[in-house]
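Side chains are part of it too, since the values below use all heavy atoms of this structure and drop only hydrogens, waters and symmetry mates.
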Amino acid sequence: MTEMYNHHVIEKKWQKVWDEKNPFKAEDDYSKPKFYALVEFPYPSGQGLHVGHPRPYTALDIVSRKRRMQGYNVLFPMGWDAFGLPTENYAIKNKIHPAVVTKNNVERFKNQLKSLGYSFDWEREVNTTDPDYYKWTQWIFLKLFKAGLAYKKEMPINWCTSCKVGLANEEVVNGVCERCGGEVVRKVKSEWMLKITEYADKLIDGLNDVDYIERVKTQQKNWIGRSEGAEVDFKLKQVDETLRVYTTRPDTLFGATYMVVSPEHPLLDKYKDLIENFDEVVSYREKAALKSDFERTELVKEKTGVCLKGISAINPVNDKEIPVWISDYVLMSYGTGAIMAVPAHDTRDFEFAQKFNLPIIQVVKSTEGEVDLTKEAFTDVATGTMVNSGFLDDLSVEDAKEKIKNFLEEKGIGHRKINYKLRDWVFSRQRYWGEPIPIIECEKCGFVPLKEEELPLLLPEVESYMPTDNGESPLAAITDWVNVKCPCCGGDAKRETDTMPQWAGSSWYFLRYTDPKNTEALASKEALNYWMPVDWYNGGMEHTTLHLLYSRFWHKFLYDENYVTTPEPYQRRTSHGMILGENGEKMSKSRGNVINPDDIVNDYGADTLRTYEMFIGAFDLAVSWSENGVKGCRRFLERVWKLQDLVVDGEEYSKENETKMHQTIKKVSSDFESLKFNTAIAAMMELINVFYKAEKLNKAEYKTLLILLNPVAPHITEEIWEKLGCEGYVYEQTWPEYDEEKTIESTVEIAVQINGKIKGTINIAKDAAKEDVLNIAKEAISSKLEGKNIIKEIYVPGRIVNIVAK
RNA sequence: GCACUAGUGGCGGAAUUGGCAGACGCAACGGACUCAAAAUCCGUCGAGAGCAAUCUCAUGAGGGUUCAAGUCCCUCCUGGUGCACCA
């Protein structure tokens, strides 16, 4: 009898071996085939590792370990996305420097990750808060600035009227401040913006050349929201002024019965003397300022608005006078901040028109029957034909769009316009714990970038990390840091005191891993040329639209500037689902359903935790935690361990197990590649069930099992390998091959149906002729065919026979 | 609200992409071992009817296409993620 499986001893022992031998180090030998596996680096929060973290990490650890056994030079790095709000808030509350908080949190995270036995190359660890790192974050910003992609603009921020500080969206709960419950309003502030919209088309087109899961591509495209429409100028009746609108349905211009402008539209202040009810406008605007964009555009809510008295517009195609309204469902941030309303063919306009009794004119009819415009708008483009539209009548919607666009351009009252839902990236934060923006503002010279040799611009020490009560960052209070001489003219100037958002550091970290200690460049051309692109990047679905787009944008910019060598940063992108609490809800302290991975590692072992997280369910779906499931995986590993009692000599697979061995190798190999870890593990469970049934296995079979299981459970498999007296280590073995011929059983069992219902099964040779199979099948169910007429006989080779009979 | 996504036994989930629904695991139940319990091992395990062979129903609900539907189409219901200053 072999001794008990003691995970405490075994896991420590092998982690020590890996630390000393460092076998998972990525080599700088650029002649080997490379594989770059990347997981999203964590934010080192004060709570320590969450059981959600090991899910993606284990997945790519499995792939990385397998690739090494397949002969690749693998880069599988880890680092820390350590700037951020929670650390700063913790620092404010406990009066500890955020750098100290970060250091402690990183240490804890690192120990936890090491206890899980990941094959990270720790020599390439990066930390976004390290000045040697953020020097290059600032450097990229300067490049963006010099390329004209960074600019300042007045933008609204969330402002707590009671704390008198700017708040992150997350800190605003139901319109009030999360800390004090005070009222939150939008306050306008001049902020740094990055022109991601300039890369909108490239970000869409680039998706054709990468291998992302389909829903990630779809979601990115929808987020960018490219739409082809037209801008149309409407003249105001009372003054010589045009009101420009953006529309995706210029074909419906004849149906425009009123206009709506955003409450923030500049035209309102310009003509406030003309607007007889301007006080109503002002009070409406104040109410709108309290709502977020997404509250404003909610369809279910009752539409509100104010009709401007004293101002009206002229529809340019039929010269009809139409009223102008303001309403909060029109956003200043999309299009021109003004729309032409066509209530007959737009849902929101329809609701608005019904509420305020505005005329609804049909200009599109359906080719598939009557349209009832008293109930809802008719928005179907595919079956639409134009009516009541002068020269557009009888055209299809598609043709009408083309004709009216040409018409607008000929008459000079409008033009084609492509619009994006994507907005430029608000890059300023009025916070301490972020990268300082390396810009000096001089009254004479404007915005002056710091010289590159002055980077990194270090975060200065401050008394308090709390934002100041005029909405500036804490840096603004350090006058001797803020007040500098202009590098251009030598006159008095001031530093930018806003810092960068957390997204900045994570937008290029994958480049730094290729050459993390380089002091001359963000990474050397040679390193980038060899390692990039990332071959496989896994991360959460929640990062699909922000982090993934931001980092692709920066990468594309760096490519255009010739600093990186590939147009796309990531060749393949996959996503994992969340791990929920036992009750099926998101894990959180307040719900009391948080599982600490340290406890699982201690009670069951890292190998069990890894196996369980891979076995728990479909990798891309959210799953609930189950302690009993953990036990089941521990039991599986114990059974693998106890196979030691059954092993007999044998250099080759035994005859009776040969097919099963080859099937398992095939299944596990392909399932690891397609993220089906749960079925890969199930296949290995089936295999050991076969061994137990036979009450024996030979050494060759055991060794193959250990290699297949090693990426999932690296500690226990090394230990058994050693106990078996095998040479070397599992991690340096070659990944097993399978023979397709040997995965196929000589006979197959197939089902026999009558009219699609199963009536029995038959065993046939795998290559039996159709005639023979049908005869055997009919023989097998002859009693049930009696008195029936056979109409049709279907045979799907290796699958099923279906007899259609009456 | 908009975008994406999912719904299968008591539970987590499989199903070669239109071909035997429930692999594998958990829980439960019965048995062996034990003074006993745990662990372990063996067995049963979607629902209903029947002594039984067997039959009927069953993949969120309803309809459709097909020899055949968890898988394809239409309508509806419910859950998850994101919504730009959490990351």
Side-chain angles (χ1 to χ4, degrees), chain A residues 40 42-43 45 81 83-86 89 155 157-158 166-172 191 196 214-216 218-223 225 292-301 329 333 347-348 421-431 501-503 506 540-547 549-550 575 577-578 580 584-586 612 615-618 620-633 635-636 638-639 642 667 676 678-679 681-686 689 692 749-761 791-794 796 798-805:
Chain A
E40 287 171 340
Y43 174 67
S45 73
D81 188 15
F83 278 127
L85 205 54
N89 286 339
M155 289 296 292
I157 61 166
N158 300 309
L167 298 176
N169 283 348
E170 199 194 43
E171 298 173 294
V172 183
E191 306 218 78
I196 189 171
E214 211 44 52
R215 60 177 164 140
V216 169
T218 312
Q219 187 119 22
Q220 288 217 345
K221 278 183 200 156
N222 289 340
W223 183 260
S292 70
D293 282 0
F294 116 87
E295 281 171 313
R296 284 171 55 159
T297 50
E298 248 177 321
L299 257 180
V300 284
K301 65 141 210 204
Y329 77 93
S333 53
T347 310
R348 287 160 307 177
K421 286 212 181 78
L422 182 71
R423 306 202 290 265
D424 277 341
W425 176 3
V426 184
F427 201 68
S428 291
R429 300 291 183 274
Q430 294 73 48
R431 292 280 174 171
Q502 191 169 17
W503 305 111
S506 60
M541 264 326 275
E542 69 272 20
H543 292 121
T544 303
T545 47
L546 297 181
H547 161 63
L549 268 184
Y550 290 153
S575 279
M578 290 213 306
L580 308 170
E585 290 172 25
K586 203 169 171 168
Y612 174 62
F615 188 61
I616 190 168
D620 59 338
L621 299 180
V623 284
S624 304
W625 184 266
S626 154
E627 181 99 16
N628 278 325
V630 178
K631 283 182 194 158
C633 289
R635 203 171 292 160
F636 164 62
E638 300 234 14
R639 280 163 66 80
K642 280 187 283 191
K667 175 91 179 142
K676 290 160 89 177
N678 51 342
T679 49
I681 292 168
M684 291 188 270
M685 287 172 168
E686 278 187 54
N689 287 345
Y692 272 100
E749 189 188 65
I750 66 167
V752 182
Q753 302 180 325
I754 298 175
N755 297 333
K757 303 230 164 172
I758 301 296
K759 297 294 167 185
T761 58
I791 298 165
K792 200 170 170 184
E793 295 170 351
I794 293 150
V796 183
R799 298 254 179 273
I800 209 161
V801 170
N802 190 14
I803 309 288
V804 185

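A:Ala618 comes within 4.0 angstrom of sugar-phosphate atoms only, judged by non-hydrogen atoms across all strands, and of no base. Backbone-only contact: A:Lys759 has heavy atoms under 4.0 Å from sugar-phosphate atoms and none from a base. Nucleic acid contact class of A:Val796 (heavy atoms, under 4.0 Å, all strands): base. At the heavy-atom level, A:Gln753 lies under 4.0 Å from base atoms of the strands shown. When heavy atoms are screened at a 4.0 angstrom cut-off, A:Glu749 is found touching base atoms of the nucleic acid. Across all strands, A:Ile616 comes closer than 4.0 Å only to sugar-phosphate atoms, never to a base (heavy-atom distances). Contact annotation for A:Gln430: base contact, defined as any heavy-atom pair under 4.0 Å involving a base atom. A:Arg635 comes within contact range of the sugar-phosphate backbone alone, with a heavy-atom separation under 4.0 Å but no base atom that close. As judged by a 4.0 angstrom heavy-atom cut-off over every strand, A:Ser428 is placed among the base-contacting residues. At the heavy-atom level, A:Thr218 lies under 4.0 Å from the strands shown only through sugar-phosphate atoms. Contact annotation for A:Leu422: base contact, defined as any heavy-atom pair under 4.0 Å involving a base atom. Contacts of A:Glu191 with the nucleic acid, taken as non-hydrogen atoms under 4.0 Å apart, include base atoms.
Atoms CZ (A:Arg799) and C1' (B:A15) sit 11 Å apart, rounded to a whole Å. Following rounding to the nearest Å, A:Gln219 (CD) and B:A84 (P) show an atom-to-atom distance of 13 Å. Atom CG in A:Asn158 sits roughly 13 Å away from atom C1' in B:C86 (whole-Å rounding). Between the CE atom of A:Met684 and the P atom of B:C24 there is a distance of 15 Å, given to the nearest Å. Atom P of nucleotide B:C24 and atom NZ of A:Lys676 are separated by 17 Å, given to the nearest angstrom. Between the CG atom of A:Asn689 and the P atom of B:A23 there is a distance of 13 Å, rounded to whole Å. Straight-line distance from the OH atom of A:Tyr612 to the P atom of B:C24: 19 Å, rounded to whole Å. Atom CZ of A:Phe83 is separated from atom P of B:C85 by 18 Å (rounded to the nearest Å).
The pairing partner recorded for B:C45 is none, the criterion being a Watson-Crick or G-U wobble arrangement whose two distances lie under 3.5 angstrom. Pair check for B:C85 finds none; no Watson-Crick or G-U wobble contact set falls under 3.5 Å. Pairing of B:C72, defined by two Watson-Crick or G-U wobble distances under 3.5 Å, is identified with B:G64. When both distances must be under 3.5 Å, the Watson-Crick or G-U wobble mate of B:A58 does not exist. Across all strands shown, B:G10 is found opposite B:C26 as a Watson-Crick or G-U wobble partner, with both distances under 3.5 Å. Base pairing of B:G79: its partner is B:U5, meeting the Watson-Crick or G-U wobble criterion (both donor-acceptor distances under 3.5 Å). Searching all strands for a Watson-Crick or G-U wobble partner of B:U40 with both distances below 3.5 Å returns B:A32. Pair assignment for B:A15: none, as no Watson-Crick or G-U wobble contacts are both less than 3.5 Å.
Side-chain N/O atoms of A:Asn628 and base N/O atoms of B:C26 include no donor-acceptor pair closer than 3.5 Å. A donor and an acceptor atom never sit less than 3.5 Å apart when one is taken from the side chain of A:Gln220 and the other from the base of B:C4.
Spacing of P atoms, B:C33 relative to B:C26, comes out at 24 Å, to the nearest Å. Comparing the C1' positions of B:C45 and B:C11 gives an interatomic distance of 14 Å, to the nearest angstrom. The separation of B:G19 from B:G70, taken at their P atoms, amounts to 10 Å, rounded to a whole angstrom. Only the P atoms considered, B:U56 is 13 Å distant from B:A21, to the nearest whole Å. Going from the C1' atom of B:A27 to that of B:G22 covers 16 Å, rounded to whole Å. Taking atom P in both B:U8 and B:A23, the straight-line distance is 16 Å, to the nearest Å. Separating the P atom of B:U71 from that of B:G62 is a span of 13 Å, rounded to the nearest Å. B:U75 and B:C85 have their P atoms separated by 36 Å, with the value rounded to a whole Å.
Syn is the classification of B:U17, since its glycosidic angle stays within 90° of 0. Applying the 90° criterion around 0 to the glycosidic angle, B:G31 comes out anti.
One finds no side-chain N or O of A:Lys631 lying less than 4.0 angstrom from the OP1 or OP2 phosphate oxygen of B:A38. For the OP1/OP2 pair of B:A14 and a distance below 4.0 Å, the side-chain nitrogens and oxygens of A:Asn678 include at least one atom meeting the criterion. At the phosphate of B:C67, neither OP1 nor OP2 sits under 4.0 Å from any side-chain N or O atom of A:Asn755. OP1 or OP2 of B:A84 has not a single side-chain nitrogen or oxygen of A:Arg423 nearer than 4.0 Å.
No close placement of the A:Phe83 and A:Trp503 rings is indicated, their centers lying 6.0 Å or farther apart.
The line from CG of A:Asp620 to CE of A:Met578 is 13.5 Å long, rounded to the nearest 0.5 Å.
Picking from B:A3, B:U81, B:C55 the nucleotide with the shortest atom distance to the side chain of A:Glu542 gives B:U81.
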